[in-house]
**Q** 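For reference, the structure I am asking about is given below.
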Amino acid sequence: MRVTKKVKAEQLRRLSEVYKNDGTMLHFTSPFTLLVAVILSAQCTDKRVNVITNRIFPRLDTPAKMVSLTQSQLETEIHDCGLYKAKAKNLLGMCRMLLSDYHGEVPEDFDELVKLPGVGRKTANVVRSVAFGYPAIAVDTHVFRVANRLKLAAGTTPLEVEKGLQKAIPKEDWSAAHHWLIWHGRRVCHARKPDCETCFLQNVCPSCTVKVTPWKPEE
C-alpha cells in the first residue's frame with residue numbers, strides 16, 4: 001500500500017489513542033538519575049535497569065556520590081547490566097565532567113549533553129524530552145523498527161529515521177510519539193514476530209502480514 005500523508009496521520013491518530021497515557025518505563029527522580037538510567041539501558045531491558053537503579057539509588061543519586069566509587073566498586077553495583085564495565089567507566093567519566101564543567105547539574109542543551117561520556121543522540125534526546133520537556137524524538141531499536149515497518153519514516157540509520165519522523169509528526173507531538181512507537185514495538189510490533197493478527201494498525205501498515213482491505217480516508 002502507498003503510505004500517504006493521510007495514512008501517516010491515521011497511524012499517528014491510532015497510536016496516540018492507544019498509548020496516550022504511556023510514558024517512559026524507566027524509574028527516575030531527577031535529570032541525573034534519568035541520565036544514569038538511560039545510559040544503563042543500552043543493550044539492557046528497562047525492567048532490568050529499574051531493578052538496578054532501585055537498588056543503587058538513593059545511595060548514588062548525585063554525581064558526587066557516584067564518583068566517590070572506584071571503577072571496580074561501580075562495576076559491582078551494576079554487574080547485572082549488560083556491558084557493565086564500559087558503562088561503569090562512562091558513568092564515572094560523566095560524573096567527573098558534570099562536577100568539573102556543569103556544577104554537578106545535567107545540562108539541558110543537546111550539544112552539551114553529547115559531550116558527556118556515554119551520551120549519544122538517543123540518550124541526549126531522551127533526557128531533553130523527559131527531564132526538561134523539550135520536543136525531541138529519540139530513536140531506539142523499537143522506534144527504528146516500527147517507523148520503518150509503518151513507513152512513517154524510512155531510513156537505514158537512526159539519524160535518518162529521526163529526521164523522517166520529525167517531518168512526519170507535528171513538533172508538539174514529538175516527545176509523546178517517541179513513547180507511542182516504543183510501546184507499540186514492545187507490545188505488538190515485536191522484532192522477530194510482529195503480532196499482526198491483533199494489531200490495530202493492520203489496514204494502515206504496509207508491512208502487515210494479514211490480508212486486510214487497506215484503509216481509505218473519508219472524502
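What you see below is based on every heavy atom in this structure, not just the backbone, and it leaves out hydrogens, waters and symmetry mates.
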**Q** Under 4.5 Å between any side-chain heavy atoms of Met25 and Lys47, yes or no?
**A** yes
**Q** Are Val127 and Leu91 joined in one hydrophobic group, where the rule is that I, L, V, M, F, W and Y side chains link up if heavy atoms are under 4.5 Å apart?
**A** yes
**Q** Taking NZ, NE, NH1 and NH2 as the nitrogens, is one of them in Glu10 or Arg14 under 4.0 Å from a carboxylate oxygen of the other?
**A** yes
**Q** Begin with the C-alpha distance, continue with both residues' side-chain angles, and end with the deciding distance and a verdict on side chain to side chain contact (heavy atoms under 4.5 Å, CB included) for Val7 and Trp215.
**A** CA-CA 8 Å; Val7 171; Trp215 173 82; 4.2 Å; yes
**Q** Are Arg186 and Asp46 ion-paired here, with the side-chain N under 4.0 Å from a carboxylate O?
**A** yes
**Q** Does the Lys NZ or Arg CZ of Arg128 fall within the cation-pi geometry relative to Tyr134 - under 6.0 Å from the ring centre and within 45° of the axis?
**A** yes
**Q** So, the side chain of Asp173 versus the backbone of Ala176: is there a donor-acceptor pair under 3.5 Å, distance only?
**A** no
**Q** Taking C-beta and beyond as the side chain, do Pro117 and Met97 meet within less than 4.5 Å on heavy atoms?
**A** yes
**Q** Report the distance from atom CZ of Phe144 to atom CG of Leu181, rounding to the nearest 0.5 Å.
**A** 13.0 Å
**Q** Mark yes or no for whether Trp174, through its side chain, and Ile169, through its backbone, hold a donor-acceptor pair below 3.5 Å.
**A** yes
**Q** Can you check whether Val114 reaches Phe110 side chain to side chain, under 4.5 Å on heavy atoms?
**A** yes
**Q** Look only at the side chain of Lys151 and the backbone of Pro206, and say whether a donor-acceptor pair between them is shorter than 3.5 Å.
**A** no
**Q** Is it the case that atom CD in Gln43 sees more than 12 heavy atoms from other parts of the structure closer than 6.0 Å?
**A** no
**Q** Donor-acceptor pair, distance only, cut-off 3.5 Å: does the side chain of Thr33 make one with the backbone of Ser30?
**A** yes
**Q** Does NZ in Lys65 sit with more than 12 non-hydrogen atoms of other residues, nucleotides or ligands closer than 6.0 Å?
**A** yes
**Q** Has Gln71 got more than 12 heavy atoms of other residues, nucleotides or ligands less than 6.0 Å from its CD?
**A** yes
**Q** Counting only N and O atoms by type, is there a donor-acceptor contact under 3.5 Å from the side chain of Gln73 to the main-chain atoms of Thr70?
**A** yes
**Q** Are Leu60 and Leu99 linked, directly or through intermediate hydrophobic residues, by side-chain heavy-atom contacts shorter than 4.5 Å (ILVMFWY only)?
**A** no
**Q** Hey, does Trp183 have a side-chain heavy atom less than 4.5 Å from the side chain of Leu15?
**A** no
**Q** Which pair of non-hydrogen atoms, one from Glu108 and one from Leu113, has the smallest distance, and what is that distance?
**A** O-CD1, 4.0 Å
**Q** Which pair of heavy atoms, one from Val49 and one from Ser41, lies closest together, and at what distance?
**A** CG2-CA, 3.6 Å
**Q** Hey, could you give me the NZ/OG1 distance between Lys216 and Thr4, rounded to the nearest 0.5 Å?
**A** 12.0 Å
**Q** Enter the distance from Ile78:CD1 to Leu74:CG here, rounded to the nearest 0.5 Å.
**A** 4.5 Å
**Q** So, does Lys163 use its side chain to make a donor-acceptor pair with the main chain of Ala153 at under 3.5 Å?
**A** no
**Q** Specify the closest pair of heavy atoms between Asn50 and His27, including all atoms of both residues, with the distance to one decimal.
**A** OD1-N, 2.8 Å
**Q** Which value, rounded to the nearest 0.5 Å, describes the distance between Phe32 atom CZ and Leu98 atom CG?
**A** 6.5 Å
**Q** When you compare the side chain of Phe57 with that of Val36, does any pair of heavy atoms fall below 4.5 Å?
**A** yes
**Q** Do you reckon Leu26 sits in the same ILVMFWY cluster as Ile56, going by side-chain contacts under 4.5 Å, direct or chained?
**A** yes
**Q** Output, in order, the C-alpha distance, side-chain angles, deciding distance and verdict of salt bridge (charged side-chain N to carboxylate O under 4.0 Å, His left out) for Arg187 and Asp22.
**A** CA-CA 12 Å; Arg187 293 175 177 168; Asp22 295 316; 3.0 Å; yes
**Q** Give me the atom names and distance for the closest heavy-atom approach of Gln202 to Cys199.
**A** CG-O, 3.1 Å
**Q** Quick one: pull up SG in Cys81 and NZ in Lys87 and give me the separation to the nearest 0.5 Å.
**A** 3.0 Å
**Q** I'd like to know if Glu77 and Arg59 make a salt bridge, using a cut-off of under 4.0 Å between side-chain N and carboxylate O.
**A** yes
**Q** Check this for me, if you would: do Asp80 and Arg55 make a salt bridge, where the nitrogen-to-carboxylate-oxygen distance has to be below 4.0 angstrom?
**A** yes
**Q** Quick one: does Ser207's side chain have a donor or acceptor within less than 3.5 Å of a partner on Arg149's backbone?
**A** yes
**Q** Checking Glu160 side chain against Thr156 main chain: does a donor-acceptor pair fall under 3.5 Å?
**A** yes
**Q** Check whether any side-chain heavy atom of Glu162 lies under 4.5 Å from a side-chain heavy atom of Leu165, and answer yes or no.
**A** no
**Q** Are more than 12 heavy atoms from other residues, nucleotides or ligands located less than 6.0 Å from atom NZ of Lys8?
**A** yes
**Q** Please find the pair of heavy atoms, one from Cys95 and one from Val67, that lie closest to each other, and give the distance.
**A** CB-CB, 4.0 Å
**Q** Using only atom types and a distance under 3.5 Å, with no angle test, would you say the side chain of Asn148 pairs donor to acceptor with the backbone of Gly155?
**A** yes
**Q** Are Val204 and Val212 grouped together when hydrophobic residues (ILVMFWY) are joined by side-chain heavy atoms under 4.5 angstrom apart?
**A** no
**Q** Count I, L, V, M, F, W, Y as connected when their side-chain heavy atoms are under 4.5 Å apart, and connections chain through other members. Are Trp180 and Val139 then in the same cluster?
**A** yes
**Q** Using a 3.5 Å distance criterion without hydrogens, assess whether the side chain of His79 forms a donor-acceptor pair with backbone atoms of Thr76.
**A** yes
**Q** Do Tyr19 and His179 have side-chain N/O donor and acceptor atoms under 3.5 Å apart?
**A** no
**Q** Could you measure the distance from the CG atom of Asp140 to the CZ atom of Arg145? Nearest 0.5 Å is fine.
**A** 8.5 Å
**Q** Any chance CD of Glu197 has more than 12 other-residue heavy atoms, nucleotides or ligands included, within less than 6.0 Å?
**A** no
**Q** Heavy-atom distance under 4.5 Å between the side chains of Val18 and Phe200, does that happen here?
**A** yes
**Q** Considering all heavy atoms of both residues, which atom of Cys44 and which atom of Arg48 are nearest to each other, and what is their separation?
**A** SG-CG, 3.3 Å
**Q** Carefully, step by step, assess Leu152 and Val161 under the rule side chain to side chain contact (heavy atoms under 4.5 Å, CB included).
**A** CA-CA 9 Å; Leu152 183 60; Val161 170; over 6 Å; no
**Q** If you apply the rule side chain to side chain contact (heavy atoms under 4.5 Å, CB included), what do you find for His184 with Leu201, and how did you get there?
**A** CA-CA 10 Å; His184 194 63; Leu201 295 172; 3.6 Å; yes
